[in-house]
Amino acid sequence: MNAVKNILQQNGFNMAHYHEESFGATPVEIEEEVLELVEQAEQAAEDVQQSDLLQVEFASSGKSVRILPSETVHAAASKLGLHIPKACGMGICGTCRVELKSGEVEMEHNGGITDEDVADGYILSCCSRPKGNVVVDF
Ligand code: FES
């Protein structure tokens with residue numbers, strides 16, 4: 001920043017238009033607050049019972065994984081190294097559409113799937129969270 005300031009001064013820049021912003025060390029109160037949040041998150045992770053996990057099976061790939069109810073089908077696939085195509089990641093484009101062979105999901109899409117596709121058993125994996133164990137065709 002000093003070098004830039006010196007260059008500007010040497011080249012006649014109107015320093016009335018020069019603005020500089022610097023950041024100092026993180027205040028102790030903030031560091032303590034962050035540490036507390038990290039501890040809470042770690043405790044929450046430990047509190048997850050194995051029985052709370054839901055199984056997501058990918059039938060065509062012959063792979064399955066257990067995930068938290070808050071995780072998406074797409075995240076489950078990623079954990080297994082399965083790459084379901086994805087673009088928007090928010091239920092708009094329909095790129096991540098897969099067929100749900102069994103089980104139920106909570107799908108919060110934004111118009112990226114038709115009612116007909118839903119009736120035919122398709123889901124958008126990026127915004128679908130299993131309500132129980134599910135089997136997906138991928
Ligand atoms: S990636 Fe766009 S709807 Fe899932």
Side-chain angles (χ1 to χ4, degrees):
M1 287 197 300
N2 283 336
V4 170
K5 186 176 183 179
N6 288 337
I7 291 169
L8 291 172
Q9 285 174 325
Q10 290 168 6
N11 288 286
F13 183 77
N14 180 353
M15 295 309 282
H17 298 291
Y18 175 82
H19 301 281
E20 182 178 300
E21 189 172 2
S22 312
F23 299 93
T26 304
V28 174
E29 313 84 60
I30 301 295
E31 281 186 2
E32 289 172 354
E33 196 173 310
V34 169
L35 284 175
E36 189 174 315
L37 289 172
V38 168
E39 286 174 14
Q40 288 174 359
E42 288 173 351
Q43 185 61 49
E46 287 176 18
D47 291 346
V48 172
Q49 303 290 318
Q50 283 297 312
S51 59
D52 292 338
L53 300 177
L54 304 172
Q55 178 160 314
V56 180
E57 179 182 337
F58 295 92
S60 299
S61 308
K63 293 182 174 181
S64 63
V65 65
R66 296 177 67 78
I67 63 169
L68 293 168
S70 60
E71 295 180 285
T72 66
V73 171
H74 197 279
S78 294
K79 288 182 177 191
L80 293 168
L82 300 175
H83 302 289
I84 298 174
K86 180 179 167 186
C88 72
M90 52 195 302
I92 296 173
C93 68
T95 304
C96 64
R97 189 185 78 150
V98 292
E99 186 178 358
L100 182 65
K101 301 298 259 181
S102 71
E104 289 182 52
V105 297
E106 181 71 41
M107 180 168 56
E108 294 180 18
H109 68 86
N110 290 298
I113 191 167
T114 64
D115 291 342
E116 291 79 20
D117 279 351
V118 172
D120 288 342
Y122 290 97
I123 62 169
L124 298 178
S125 62
C126 75
C127 56
S128 294
R129 291 171 174 76
K131 292 166 116 180
N133 296 337
V134 297
V135 178
V136 173
D137 186 22
F138 190 81

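One-based numbering, in listed order, for ligands and for the atoms of each.
Under a cut-off of 6.0 angstrom, the local environment of CD in Glu104 is sparse, with at most 12 non-hydrogen atoms contributed by other residues, nucleotides or ligands. The environment of Glu33 atom CD is sparse: at most 12 non-hydrogen atoms of other residues, nucleotides or ligands sit within 6.0 angstrom.
Within ligand 1, counting atoms from 1 as listed, the ones closer than 4.0 Å to a heavy atom of Ala87 are 1 (S). For ligand 1, the atoms lying closer than 4.0 Å to a non-hydrogen atom of Gly89 are 1 (S), 2 (Fe). Residue contact check: Gly91 has heavy atoms under 4.0 Å from atoms 3 (S) of ligand 1.
The backbone and the side chain of Cys93 each have at least one atom closer than 4.0 Å to an atom of ligand 1 (non-hydrogen atoms only). Residue contacts with ligand 1 for Ile92 involve N, CA, C or O but no side-chain atom from C-beta outward (heavy atoms, distance under 4.0 Å).
Here Cys126 reaches atom 4 (Fe) of ligand 1: one of its N/O/S atoms is less than 2.8 Å from the metal. For a distance bound of 2.8 Å, the N, O or S atoms of Cys88 include one lying that close to atom 2 (Fe) of ligand 1.
Listed for the Thr95 side chain is no donor-acceptor partner under 3.5 Å among the backbone atoms of Pro85.
Of the protein's non-hydrogen atoms, Cys96 SG, 2.2 Å is the one closest to atom 4 (Fe) of ligand 1.
Across all non-hydrogen atoms, the minimal contact from His74 to Ile84 is NE2-O, 2.8 Å.
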